[in-house]
Trainee: 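Please read through the structure below; I'll follow up with questions.
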Amino acid sequence: MKDFNLKSYHIRAMNSSSEAEKASINQELKDLYESLSDEDKKEFNEQLQTFLIKEMATINSFYQSTKDDNLN
């Protein structure tokens with residue numbers, strides 16, 4: 001199983017200094033995907049889905065914490 005380290009792309013994009021740099025990182029990720037075999041694309045998609053679910057859960061947790069703090 002390959003590890004596509006999607007978090008590294010995410011962090012690089014978050015820390016990018018411009019929209020052009022962010023677009024370049026996004027293109028790099030698209031190019032990586034296009035270079036993969038069908039089997040690796042399946043693995044990539046599964047890792048991406050897992051990563052996104054975890055990120056959304058983290059964001060929701062921060063949101064709920066902030067929301068609860070504002071109620072007190």
Trainee: List in chain and number order the residues that pass ring-ring contact (aromatic ring centres under 6.0 Å, His included) with Tyr9, two or more places apart in sequence or in another chain; answer none if no residue qualifies.
Mentor: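 If we apply the ring-ring contact (aromatic ring centres under 6.0 Å, His included) test to Tyr9, skipping adjacent residues, there are no hits.
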
Trainee: Kindly give the heavy-atom pair with the smallest separation between Ser16 and Ile25, and that separation in Å.
Mentor: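 Between these two residues, the closest heavy atoms are CB-CD1, 4.4 Å.
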
Trainee: Name each donor-acceptor pair under 3.5 Å that joins a side chain in residues 50-57 to protein atoms two or more places apart or in another chain, with its distance.
Mentor:
residue	atom	partner	partner atom	Å
Thr50	OG1	Glu46	O	3.0

Trainee: Name all residues meeting the salt bridge (charged side-chain N to carboxylate O under 4.0 Å, His left out) criterion together with Glu28; count only those two or more places apart in sequence or in a different chain, and write none if there are none.
Mentor: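 Here the qualifying residues are Arg12.
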
Trainee: Main chain of Asn60, side chain of Gln64: is a donor-acceptor contact present, judged purely on distance under 3.5 Å?
Mentor: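 Looks like no, no N/O pair under 3.5 Å.
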
Trainee: Using side chain to side chain donor-acceptor pair (under 3.5 Å) as the criterion, list what pairs up with Lys2, not counting sequence neighbours.
Mentor: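 Here the qualifying residues are Asp40.
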
Trainee: Asn15: which residues meet the side chain to side chain donor-acceptor pair (under 3.5 Å) condition with it, sequence neighbours left out?
Mentor: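 If we apply the side chain to side chain donor-acceptor pair (under 3.5 Å) test to Asn15, skipping adjacent residues, there are no hits.
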
Trainee: Using modelled atom types only, decide if a donor and an acceptor are shared between the side chain of Thr66 and the backbone of Phe62 within a distance under 3.5 Å.
Mentor: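 It does hold such a pair.
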
Trainee: For the CG atom of Leu29 and the OG atom of Ser24, what is their distance to the nearest 0.5 Å?
Mentor: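 Rounded to the nearest 0.5 Å, the CG-OG separation comes out at 11.5 Å.
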
Trainee: Glu43: which residues meet the side chain to side chain donor-acceptor pair (under 3.5 Å) condition with it, sequence neighbours left out?
Mentor: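 Expected list: Gln47.
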
Trainee: Look up atom CG in Leu48 and atom NE2 in His10, then write down how far apart they are to the nearest 0.5 Å.
Mentor: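 Output value for this atom pair is 11.5 Å.
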
Trainee: Only counting residues at least two apart or in another chain, list the ones meeting side chain to side chain donor-acceptor pair (under 3.5 Å) with Ser18.
Mentor: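 Here no residue qualifies.
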
Trainee: Could you check whether any side-chain N or O of Asn45 sits under 3.5 Å from a backbone N or O of Lys41, counting only pairs where one atom can act as donor and the other as acceptor?
Mentor: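 The answer is yes, because a donor-acceptor pair under 3.5 Å joins these two groups.
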
Trainee: Would you list the pairs meeting ring-ring contact (aromatic ring centres under 6.0 Å, His included) in which at least one residue belongs to residues 11-37, sequence neighbours left out?
Mentor: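 Qualifying pairs, neighbours excluded: Tyr33-Phe44.
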
Trainee: How does the hydrophobic cluster around Met14 look, that is, which other residues are in it when side-chain heavy atoms under 4.5 Å mark a link?
Mentor: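 So far as hydrophobic clustering goes, Met14 is joined with none.
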
Trainee: Mind checking side-chain contact (heavy atoms from CB on, under 4.5 Å) for Asp31 and listing every partner two or more places apart, or none if nothing turns up?
Mentor: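 side-chain contact (heavy atoms from CB on, under 4.5 Å) list for Asp31, sorted by chain: Gln27.
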
Trainee: Who passes salt bridge (charged side-chain N to carboxylate O under 4.0 Å, His left out) against Lys7, sequence neighbours left out?
Mentor: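 Here no residue qualifies.
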
Trainee: I'd like to check the salt bridge (charged side-chain N to carboxylate O under 4.0 Å, His left out) partners of Glu39; sequence neighbours left out, ordered by chain and number.
Mentor: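 Scan of Glu39 (salt bridge (charged side-chain N to carboxylate O under 4.0 Å, His left out), adjacent residues dropped) gives none.
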
